[in-house]
Amino acid sequence: MVKIGILGVGTVGASVARILQENADIIEARAGKKIVVKSGVVKDLSKDRGVSIKLSDDPNDVIDDPEIDIVIELMGGVDEAYTLVKKALEQKKAVVTANKALLAYHRYELQELAGDIPFMYEASTAGGIPIIGALRSGLSANHINAIQGIMNGTCNYMLTKMIHEGADYQEILKEAQDLGYAEADPTFDVGGFDASHKLLILASIAYGLDAKPEDILIEGIENITPTDVAFAKDFEYAIKLLGIAKKVGNKVELRVHPTMIPQESMLAKVDGVMNAVMVNGDCVGETMYYGPGAGGNATASAVIADIVDIVRGNSGPMLGYKKPLESGLTLLPKEEIRSHYYLRMSVDDKKGVLAEVTRLFSELDISIEAMMQKPDIDKDACVELLFVIHECEEKTIQQAIVELEKLDVIHGKVGMIRIEQ
Ligand code: NAP
Ligand code: HSE
């Protein structure tokens with residue numbers, strides 16, 4: 001029998017405990033041993049968790065228990081989780097975590113600390129989809145050319161409802177929280193940070209790249225307007241929060257942002273809480289992994305898969321390699337990322353304004369691919385100018401936005417969404 005302790009019996013932790021009981025037969029058949037939850041840890045002992053396991057409010061009751069073989073960290077957060085996981089590894093206990101924030105900051109130290117002790121984290125990225133296993137093992141013959149995907153269930157759920165049903169941003173965020181999809185602080189979801197944590201984990205496995213969230217381009221879904229949604233529909237685009245990792249020569253670009261993608265593309269059809277990750281490898285070509293990206297049961301499914309692998313002795317090196325991967329790969333500075341862009345600006349409805357805007361584009365060597373004018377329903381005597389810009393560097397478009405916002409004829413902020421063809 002293998003005994004486990006769960007740090008954090010919340011949405012995911014309670015599902016793990018329940019599924020281990022309800023599906024005990026099949027799990028034991030696959031693992032070869034009975035897996036039992038010995039105890040769990042919560043902050044508030046008075047709350048009903050709907051599971052019959054012994055609970056404590058002191059994480060050390062799990063970490064220091066000599067009978068516990070595997071510690072499951074499902075508390076969230078970075079610093080306290082790191083301290084506890086480190087302590088568990090020092091006591092030679094195997095660790096399973098779903099905590100992408102922890103891994104975004106400490107994955108390389110944890111790999112070092114873990115050494116040969118199993119450390120698994122399938123649930124940290126794209127919920128129930130076995131994308132970590134696919135990258136660590138299934139695609140191990142490949143140099144990875146690119147990874148592109150929808151990696152946050154909350155944002156995809158919100159965007160789907162906002163675009164297809166016209167749902168209100170705050171109401172739909174509340175719904176995602178009630179469904180157990182969102183992080184304890186949902187700004188991690190809507191701000192793109194949670195997806196960036198996942199992208200960094202995937203980039204470590206694919207490229208051995210050591211970067212922190214602060215190093216990469218991250219934008220969230222907070223500034224998408226109904227005008228953007230209408231424009232996307234008119235031009236047959238879907239808007240998705242994408243995480244993108246792409247090898248460009250001996251550099252890797254990493255970015256998370258709302259993206260207009262053609263409606264006929266496969267990622268455009270991934271709706272609701274579903275996630276999908278496309279991985280392009282030099283031998284296999286394009287592959288795609290699809291499934292629920294958040295929620296208690298889907299995430300618990302991935303956590304338990306890790307537990308079963310550990311019990312079977314199938315864990316392997318934490319990041320999937322025993323020696324350094326491709327040498328010389330470094331992060332492409334975010335200013336050098338190239339993309340197509342959509343720009344939105346509210347301008348005075350008078351002659352000469354369009355000429356002023358296009359002159360500025362011309363001075364910055366920015367080329368316009370398409371242009372549209374719509375009435376600005378929020379401002380009298382104003383219209384909204386919408387542009388699609390041919391591919392250019394990020395620093396050029398950022399400079400254009402700064403210069404545009406200085407013009408007297410432009411009101412408020414200039415909106416921008418990147419376009420992937
Ligand atoms: P949650 O519902 O907020 O659960 C967190 C649990 O940890 C709660 O039971 C909380 O206790 C406990 N906890 C937090 N700090 C503690 C402390 N200092 N001492 C003792 N107990 C503590 O969160 P969740 O949604 O289950 O997520 C857990 C982890 O999984 C996070 O890292 C999250 O990013 C990750 N994850 C979540 C999902 C998802 O769909 N929800 C998917 C993939 C990964 P109280 O309940 O008493 O506050
Ligand atoms: N808050 C995360 C999401 C949970 O919505 O995708 C799954 O990692």
Side-chain angles (χ1 to χ4, degrees), residues 5-18 39-51 53 55-63 72-85 96-106 121-129 131-132 149-160 172-173 175-199 201-202 220-221 241 243 256 270 272-277 291-303 306:
I6 305 179
L7 303 177
V9 188
T11 304
V12 182
S15 285
V16 168
R18 196 178 50 253
S39 58
V41 175
V42 293
K43 270 200 272 197
D44 179 356
L45 283 169
S46 68
K47 244 194 258 173
D48 177 24
R49 312 286 163 172
V51 285
I53 57 171
L55 290 178
S56 149
D57 58 4
D58 181 358
N60 293 310
D61 287 345
V62 163
I63 308 273
I72 317 296
E73 187 279 303
L74 299 170
M75 285 171 31
V78 177
D79 294 340
E80 192 179 7
Y82 180 62
T83 306
L84 294 171
V85 164
V96 174
T97 182
N99 187 341
K100 45 274 157 112
L102 166 70
L103 295 167
Y105 286 97
H106 294 295
Y121 49 96
E122 182 60 73
S124 65
T125 302
I129 307 175
I131 183 65
I132 305 282
I150 295 168
M151 302 177 187
N152 184 274
T154 300
C155 286
N156 208 42
Y157 184 79
M158 290 176 68
L159 285 173
T160 303
I172 207 67
L173 172 57
E175 206 177 299
Q177 289 177 289
D178 292 346
L179 288 163
Y181 300 158
E183 296 303 299
D185 174 356
T187 53
F188 277 85
D189 296 290
V190 295
F193 305 106
D194 176 77
S196 82
H197 297 161
K198 295 163 175 168
L199 185 70
I201 294 168
L202 298 183
I221 64 167
L241 183 80
V256 170
V270 175
V273 73
M274 304 311 265
N275 281 189
V277 183
N297 284 354
T299 309
S301 162
V303 170
D306 280 348

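Scope of the values below: all heavy atoms of this structure, side chains included, with no hydrogens, waters or symmetry mates. Just follow the structure's listing: the first ligand is 1, and inside any ligand the first atom is 1.
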I'd like the contact residues of ligand 1, where contact means a heavy atom below 4.0 Å. Gly8, Val9, Gly10, Thr11, Val12, Val41, Val42, Lys43, Asp44, Lys47, Arg49, Leu74, Met75, Gly76, Glu80, Ala98, Asn99, Lys100, Ala123, Gly180, Glu183, Ala294, Gly295, Thr299
Here the pair of heavy atoms bringing Leu84 nearest to Met75 is CD1-SD, 3.7 Å
Residue list, salt bridge (Lys or Arg N to Asp or Glu O under 4.0 Å) with Lys198, at least two apart or on another chain: Asp194
Listed partners of Asp79 passing salt bridge (Lys or Arg N to Asp or Glu O under 4.0 Å), at least two apart: none
Please examine the side chains of Leu202 and Ile132, heavy atoms only from C-beta on, and report whether any two atoms are closer than 4.5 Å. yes
Any donor-acceptor N or O pair under 3.5 Å, side chains Thr187, Asp185: yes
Taking the inter-plane angle between the rings of Tyr82 and His106 on a 0 to 90° scale, is it parallel (under 30°), tilted (30 to 60°) or perpendicular (over 60°)? parallel
Does a side-chain heavy-atom distance below 4.5 Å link Ile131 with Glu122? yes
Go ahead and list the nitrogen or oxygen contacts between ligand 2 and the protein that come in under 3.5 Å, distances to 0.1 Å, or just say none.
residue  : atom  : partner : partner atom : Å
ligand 2 : 1 (N) : Tyr181  : O            : 2.7
ligand 2 : 1 (N) : Glu183  : OE2          : 2.7
ligand 2 : 1 (N) : Asp189  : OD1          : 2.7
ligand 2 : 5 (O) : Gly153  : N            : 3.4
ligand 2 : 5 (O) : Thr154  : N            : 2.8
ligand 2 : 5 (O) : Thr154  : OG1          : 2.6
ligand 2 : 5 (O) : Tyr181  : O            : 3.1
ligand 2 : 5 (O) : Asp189  : OD1          : 3.4
ligand 2 : 6 (O) : Asn152  : ND2          : 3.4
ligand 2 : 6 (O) : Gly153  : N            : 2.7
ligand 2 : 6 (O) : Lys198  : NZ           : 3.0
ligand 2 : 8 (O) : Lys100  : NZ           : 2.5
ligand 2 : 8 (O) : Lys198  : NZ           : 2.7

Are the side chains of Val9 and Leu55 in contact, using a 4.5 Å heavy-atom criterion? yes
Can you check whether Val62 reaches Ile6 side chain to side chain, under 4.5 Å on heavy atoms? no
